[in-house]
Amino acid sequence: GHVMGCPVTYIGFSDGESSMSVQLRRRDGRAFYPATQDIAVRAAIRDFLRDPCVPKGFQNAPFDTLVLGLRGFGPVRGVRLDTMFLRRITRSELRASLEAQASFYLDCPAWKGLAGEAKGEAFGAKVPERQVAIYNAIDALVTKRLVRPLEAELAALGSTGDRLHRMALALGKLARQMRRNGLPVDLAERDRHARELKKKIAVAKGKLDAAVGREVRPGSLAELRELLFGRFGCRVIAHTDTGLRRITKSDLAIMAMESGGPARAFILALRAWREALKLKSTYVDNLPVWEDGRVHANPTVGRAISGRWAFSNPNLQNQPDAMRTMYVAEPGHVYVLADYEQIEGRVTAILAGDWRTLKALEDGIDIHSWAAELVFGVDMAELKVKDPIRFKKHRYFAKRFRYGLSYGAGAKTLWLQLLPEWPDLELRHVQGHLKKWWGAFPEWAQHRRDVYERACREGCLASPILGRPREFKGG
């Protein structure tokens, strides 16, 4: 396209009012990169971006087009390509950052250092606007140069690549609309959550102090290690990469199971303190509410290595149920909650050729109760009448097995997932029940072995429906 009579090669910008750079090629072939607030130039750029006849490419189009729209340059039309989408289609194992793509496809590690340094300084307001514009120009230039190698890899996938790219562009359009609309936030409800979580943090802190007999600093890992492994004599589950004794959520779950008395009380209080603190800091205190009273989360299609949707700032897919009351519908509208029925079990059963499970689903049988009967050897219908609590626990056990195994979980992962419901459950019990599960559903066991062996042998798996490739390296 053209801006003010000059051919435009690319436009670079950052999330600032004036930090936009444009590469304009003059008639003598030389290029220049103005960081401009000139009204005429900005108006010409706006017309250029709004023209649907001019094809445009981006690295993360949903975010870029939103920011351009907020700065008065939208709505952006004519989006034909997103290098982030292309990279996930062709190289699922490659990190999403522009630096990683440039190093891999363009072999320019020098640019990586230059751009990273310039970007860090620019957003730290340590460099003049001119240097910010240079970074923006480099950023946009690399995006432009990534197009050719990415399109070549896409073409090598044939009709599968074309289908995946068209789907990604359609989903990208939806993602841009979702980001632009945002979600209204009930600020009074947010403040109520903040007060309740603050109380929970204080209660958990009081229990920590009572278990030790003095004031504890639960934010100090050094003090926690001294108390857990020194005073209470807890077993060290694992070490960090730097050799320190690890204290993760799963480690604490195991320590709680192995401990009793004051040690167990301390560990349970520590888990409660950490959970409440995380909820408050992540989902309440740092909730990015914009001036319009909404959160405008950044949705990405294909950025996750599995190809699924992902949201950031905030992560709307990971909102705890209790926190969801902060999000309200527009007046005259309601939110609709919809979910597939037994989707993981159905898909895994189809892929594994488990026709018994599919028949049970078609007949309307509760497959979790049915699976629990096969694994535990009990009559679930009778148990439901005589001992409803035990019935629910057995059904939950089978449900966690079915969902966890669908996503590749092993005995230890399943054990940690089941501990909140069954605190006295030991790993060896889960391993025994898992052996029974494979005996009851041998098709699942064979399917897992086949997938693992193929991934090790070929280093790549394609999704069975769309054919999207995913590479596996290093075992």
Side-chain angles (χ1 to χ4, degrees), residues 224-225 228-229 232-240 244-272 274-275 344-345 348-349 352 354 356-357 366-380 382-384 386-453 456 475:
L224 290 179
R225 290 189 179 98
L228 288 169
F229 306 116
F232 294 125
C234 293
R235 179 170 66 90
V236 178
I237 308 302
H239 291 81
T240 66
L244 297 174
R245 292 166 292 183
R246 202 179 66 183
I247 314 174
T248 63
K249 182 179 179 179
S250 60
D251 295 335
L252 290 173
I254 298 172
M255 292 179 201
M257 185 198 69
E258 297 176 344
S259 304
R264 182 179 174 83
F266 179 84
I267 295 168
L268 294 178
L270 178 59
R271 291 178 63 185
R274 281 185 168 184
E275 182 179 354
E344 291 90 348
T348 305
D354 178 12
R356 288 183 306 151
T357 295
D366 180 356
I367 62 170
H368 300 315
S369 296
W370 172 63
E373 285 190 351
L374 296 176
V375 173
F376 293 108
V378 296
D379 186 335
M380 291 293 284
E382 182 180 344
L383 190 65
K384 186 175 183 180
K386 292 184 176 179
D387 192 344
I389 295 178
R390 189 167 168 229
F391 166 82
K392 288 183 179 179
K393 285 193 172 184
H394 276 68
R395 186 181 182 279
Y396 177 78
F397 195 107
K399 183 178 180 179
R400 290 309 322 164
F401 259 56
R402 186 174 293 278
Y403 288 154
L405 295 175
S406 295
Y407 288 100
K412 185 174 182 180
T413 299
L414 291 169
W415 174 52
L416 293 173
Q417 291 175 347
L418 290 163
L419 273 178
E421 287 289 326
W422 290 3
D424 297 327
L425 185 68
E426 296 184 20
L427 178 59
R428 61 186 179 87
H429 295 148
V430 176
Q431 291 170 333
H433 289 312
L434 183 57
K435 188 175 181 179
K436 292 180 182 178
W437 182 280
W438 294 136
F441 300 98
E443 302 91 348
W444 285 45
Q446 187 60 49
H447 172 64
R448 273 177 64 125
R449 285 194 294 269
D450 291 345
V451 169
Y452 178 77
E453 290 172 1
C456 293

Spatial distance of atom [atom1] ([X]) from atom [atom2] ([Y]) [nearest 0.5 Å]:
X    : Y    : atom1 : atom2 : answer
E344 : L405 : CD    : CG    : 12.0 Å
F397 : H433 : CZ    : NE2   : 4.5 Å
D354 : T348 : CG    : OG1   : 9.5 Å
F232 : L224 : CZ    : CG    : 10.5 Å
L427 : K412 : CG    : NZ    : 8.0 Å
L383 : H394 : CG    : NE2   : 6.0 Å

Minimum heavy-atom separation for [X] and [Y], please, with both atom names.
X    : Y    : value
G345 : W444 : O-CZ2, 4.5 Å
S250 : L416 : CB-CD1, 3.5 Å
C234 : S259 : SG-OG, 3.9 Å
A253 : R271 : CA-NH1, 3.7 Å
R264 : A256 : NH1-O, 2.5 Å
Q431 : A411 : CG-CB, 3.7 Å

- Donor-acceptor side-chain pairing of R449 and Q446 below 3.5 angstrom: yes

- Item | Set of residues satisfying side-chain hydrogen bond (donor to acceptor under 3.5 Å, both in side chains) with respect to Q417, sequence neighbours excluded | R400

Does any part of the side chain of [Y], heavy atoms only, come nearer than 4.5 Å to the side chain of [X], both counted from C-beta?
X    : Y    : answer
F401 : L418 : yes
K384 : R395 : no
L228 : R245 : no

- Message: If you apply the rule side chain to side chain contact (heavy atoms under 4.5 Å, CB included), what do you find for L270 with M255, and how did you get there?
- Response: CA-CA 12 Å; L270 178 59; M255 292 179 201; over 6 Å; no

- Can you check side chain to side chain contact (heavy atoms under 4.5 Å, CB included) on E443 and R356, steps first, answer last? CA-CA 10 Å; E443 302 91 348; R356 288 183 306 151; 4.1 Å; yes

- So with a 6.0 Å cut-off around CD of E373, is the heavy-atom count from everything else above 12? yes

- salt bridge (Lys or Arg N to Asp or Glu O under 4.0 Å) partners for R235, two or more places apart: E258

- Show your reasoning for whether side chain to side chain contact (heavy atoms under 4.5 Å, CB included) applies to I237 and L252. CA-CA 9 Å; I237 308 302; L252 290 173; over 6 Å; no

Anything under 3.5 Å between a donor and an acceptor, one on a side chain of residues 434-442, the other on a protein residue two or more places apart or in another chain? List them.
none

- Intermediate values then yes/no, side chain to side chain contact (heavy atoms under 4.5 Å, CB included), M257 and W415: CA-CA 12 Å; M257 185 198 69; W415 174 52; 3.5 Å; yes

- Please answer whether the main-chain N or O of T240 pairs with a side-chain N or O of R246 as donor and acceptor at a distance below 3.5 Å. no

- Is the shortest side-chain N to carboxylate O distance from E382 to K386 below 4.0 Å? yes

